[in-house]
Structures are given as structure tokens and as C-alpha cells.
Protein chains: 2
Amino acid sequence: MLYADAMSATLPPPPGPRPQLPVELLDTLPSGFDPVADEPCLRADAARNRARLLEAAARLVAEHGAAGVTMEAVAAAAQVGKGTVFRRFGDRTGLLMALMDHSEKKFQAALLSGPPPLGPGAPPAERLRAFGLAMLSRAGEELELQLAAEPAPERRYTVPARRFHRAHVALLLRQAAPDADSELLAHTLLSSLDPALIHHLTVQCGQPLERLERAWTDLVARTTGTAPPE
Amino acid sequence: MLYADAMSATLPPPPGPRPQLPVELLDTLPSGFDPVADEPCLRADAARNRARLLEAAARLVAEHGAAGVTMEAVAAAAQVGKGTVFRRFGDRTGLLMALMDHSEKKFQAALLSGPPPLGPGAPPAERLRAFGLAMLSRAGEELELQLAAEPAPERRYTVPARRFHRAHVALLLRQAAPDADSELLAHTLLSSLDPALIHHLTVQCGQPLERLERAWTDLVARTTGTAPPE
DNA sequence: AAACGAACCGGACCGAGGTCCGTTTAAAGT
DNA sequence: ACTTTAAACGGACCTCGGTCCGGTTCGTTT
């Protein structure tokens, strides 16, 4: 199942060789859990600092907004050296994405094994519709973080979370629109849920979320050729 | 005509009040041309430095790629102070976009008054198709620059060039798919021509441009409900 | 021609992301 | 307990985008 690949960690294993084990659930599970991958098995101090850093970062977001999350500030707030932040999260984007990891993993779980129509059980077109609505709803909550966490253009489409979403949408499309290029069409559909676009439409243009929801529903109907639900 | 608005200059007039005159063609015309707008009427030294800077920037792109275009390097190469670069172009993104202005203006002219199917005269769905193919072709040429010129997420959808494209696509959609939310659908269609996506698919995934072209054609057909041209 | 003011110039300066490398330390082996 | 080693640490350091402000220049007005 190619889902597994996309489920992988936010941060690519930076140092050392790593036996392939894509699924990483480190901070929802007791440390030392994973019997195969050793990447999540951080040294005691490293794990402690990682937790500290995430907590500090979250606090900074709450207090000063995402723009206030400076690598130096996070390091200071966690009483840790700056280098440690970069070693753990790679770069600012990595840190911000790690901050959203919980929410993302929960979402992915809902897609894979939650109740329909988001999870399996509903017809593909309807699951697609539910997917978009869920994404819009998520954006409503952590839009600022999603914006701030946007990686450089060259990396944007290789972010694990996005690859997962793409694989999910492509899978549904393959069933709902068998004659289309589901891979590329998945890209297109996902693009219309881009946080930057949502921000532009809602915050900058003052459009209500409902309009975006209607547009998504309509888009799904058009591309899959199914009739829109009234 | 709401085209006019989107045709406006790459850089918003930073200092002083400006009588509304949207169309700006400054560097294709002798300076001092515009009888209404005074923004393009730069002082002699300013105009000279602007030209120097653009030339220097273009040379740097040619020699070291877009990544080599450092504001300081450009300033040095143009034998000009760093502050001057920022005064003229606002920021790095502004400079890079100015570098693409010629090509963009030509493209816009082709859309507005060029020969069909890109220009007026062809049925809307076909013009849409031509638009996407033209965008893909353009991306093939100056992809690197387009990537480097990508603005921050909050500004991405307010860039004049993009607003123009959006208005154009929305106009065509209003005819080709009257029952859709043409504004939002325009956003969606445009997103699938995003330089970052094109880069990802062609450079990183090695997909041939033809596949993207087919996907675009198919997408237009699906969303407008018209039959795809065989 | 002289004076005037707005626009422009330039480079010192700042903040933030990211790198580097000498030092420390956790944990595995003896 | 002692050695060893790979990993983690931390903060000095670098680069680059962006700001600021005192000095200069262009174009105009009298």
C-alpha cells in the first residue's frame, strides 16, 4: 500500500543510515516504542529537548503568533542552544510542521479508518467531498500555522503530509473518475485547498467559508462527473 | 473593464499619491511617455539606475542562476547602493518579477488582442485550453525565475500578473461554465498551472510536458462540461 | 542664476535563518 | 567501575534580506 510511504515522518532522518520503516508516531507513543525504526529512538537528552522545544514553540505561537516563532527565541525559551533546534527539526519549516503533527496524524487516521464519509465505507465521490470539507475546516483552525509552515517552492510538493493527501485523493479519483489522469487531477483538487488560497479568499477578500465549501462540492461533482448532492 | 485593474504595474507606487492609470508599459516605451500617471516618470538618475539594475540582475541570472541574484550582488554589479535596489523594486520578489515583466506584458497582450485561439475570436473553452498550454510553454522557458520570484504566501494571490490571469480565466469560465462559481473555479484552474507544481512534476518527477498538457485539456473539458478535442 | 524642495542615493546597521566545530554526555561494551 | 564512541550540545559565526538616515542631486520656481 503506498499510503505507508506518505505516512512517514515529518523530518527525514538526517544523520546516519536508517532501516526503512516509514510509519512514525513518536510523540503519540511512549518513546522507544518502535521495534524496527531507530530514528525515533532519540537519546534521552535529545528526546527531552525535543519535547521542550515543541512546548516552547507552541507557547510562542500562542503568545506572539506564528511570526513570533524565531528559532533563536524558541531555543532561548526552551533553554537550549540554537544548533539543537536545527539539528532536531532541520529548519524553521520543519519545526512548524512538527507543531502540526498531532492534528495531521489524527486527520490521517480519520481518513484511513475513521467513520464514513471521511473514512472508508462511503462512495468515493462522497468521500472526496468530505475530504475537502474537512480540510477547509482544519484550515479554519490553524491557518496561521499552515501559512507560516509553507516550505520553499521546490519542497512544497514533497512534504509527507501533502504526499499523503495526494495519494488519498488520487486513490478516490481512480474510482470516481477512472478515465482521468488521477495523479494530476489530485494535484489540481488539492491546490484548491491550499492554505494560502484559503487565507486569501477568507481573510483578504472576506468570503465566507460556505462559498469555498460549495465551490469544492461543485468542483468534485464536475471532475468526477457525478451529480452534485443538493 | 476589470482587466485594466489587473494590468497595473508590477510594483505598487510606493511614494506619493498617484492618479489612477492602471496600464503601465514603462520599460517598453520611451521614458516620460505616460501623460496621466506620473509614477513611471522617474527622475533621470532613477531611471538610469533602474535600467542598470535590471540589466545587472539579468546578467547575474544568466551567469549564476536565480539563486545567485543577491540584492547586494545586483547592487554591486550595477554600481549602485543597496538601498537603491530596494527603493526601486521593494524587495527581492519585486526585482525578480520586474525581470519577467516584458514576457508577461507580451503574454497579456496576446490574450487581449492576439490571434485566436489565445486571443479573442475562438470559443471560450478553446481559449481556456490555449491559455493553459501557453502558460505551460512559458513555464518551460523561465521556470527558475518564476520559482525564485514567488512571493510570500499572503501576497501570492494579489500579485498583479496573477490577478490578471485570474480575471481572464474567470471571464472565459463565465461563458463556458455559466452555472459554476467562475471566480473560485478560476483559482482552481490557475493553481494547476502553478510554477512550483510544474517544477515538481517535470523536474523532480520527470514527467513529460505533454502529460501536463493532456491533463490541462482534460481538466478544461471536465470543468466546462464540453467534450475534449480528440 | 540662484535658491529651494522633493526625490534619490548609499552604505552602515539590524535581525533572523542556517552552518560549523570544539566540547560534553548518554549509553553500549569490557 | 572504566573506556569508548557516536550522538547531542551550544554558541560563535556567516550570509542575506530589509531598514534607516544623513548627505546629494535633479528639476523647478522665482
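In what follows, every chain begins at residue 1, and chains take the letters A, B, ... in the order their sequences are listed. In this text the structure is predicted, and so the values were computed from the model without any measurement.
- Between the CG atom of D91(A) and the P atom of dG17(C) there is a distance of 10 Å, rounded to whole Å.
- dG5(C) atom P lies 15 Å from atom CZ of R43(B), rounded to whole Å.
- Atom NZ of K82(A) and atom P of dG22(C) are 19 Å apart (whole Å).
- Atom CZ in R52(B) sits about 12 Å away from atom C1' in dC9(C), given to the nearest Å.
- dA7(C) atom P lies 12 Å from atom CG of L42(B), rounded to whole Å.
- For R92(B), a side-chain nitrogen or oxygen approaches OP1 or OP2 of dG17(D) to under 4.0 Å.
- For the pair W216(B) and M135(B), the minimum side-chain heavy-atom distance is 4.5 Å or more.
- The side-chain heavy atoms of Q79(A) and R52(A), taken from C-beta on, include a pair separated by under 4.5 Å.
- The nearest whole Å value for the distance from the CE atom in M71(B) to the P atom in dA16(C) is 19 Å.
- Annotation: of the two residues near DNA chain D, E72(B) and G83(B), the 5′-most nearest-nucleotide partner is E72(B).
- A close approach under 4.0 Å does occur between a side-chain nitrogen or oxygen of R88(A) and OP1 or OP2 of dC9(D).
- When each of Q146(A), Q108(A), R138(A) is paired with S103(A), the side chain to side chain contact (heavy atoms under 4.5 Å, CB included) condition holds for R138(A) and for no other.
- Remark: P of dA16(C) and CZ of F86(A) are 12 Å apart, rounded to the nearest angstrom.
- With dC26(D), dA8(D), dG10(C) as the candidates, the nucleotide lying closest to the side chain of D45(A) is dA8(D).
- Summarising the geometry, atom CZ belonging to R166(A) is positioned 12.0 Å from atom CG belonging to L185(A); distances are rounded to the nearest 0.5 Å.
- S191(B) has its side chain out of reach of T188(A): every pair of non-hydrogen atoms, C-beta onward, lies at least 4.5 Å apart.
- To the nearest angstrom, C1' of dG17(D) lies 16 Å from CZ of F89(B).
- Considering only side-chain N and O atoms, N49(B) lies nowhere under 4.0 angstrom from the phosphate OP1 or OP2 of dC8(C).
- Residue T84(A) places no side-chain N or O under 4.0 Å from the OP1 or OP2 atom of dA8(D).
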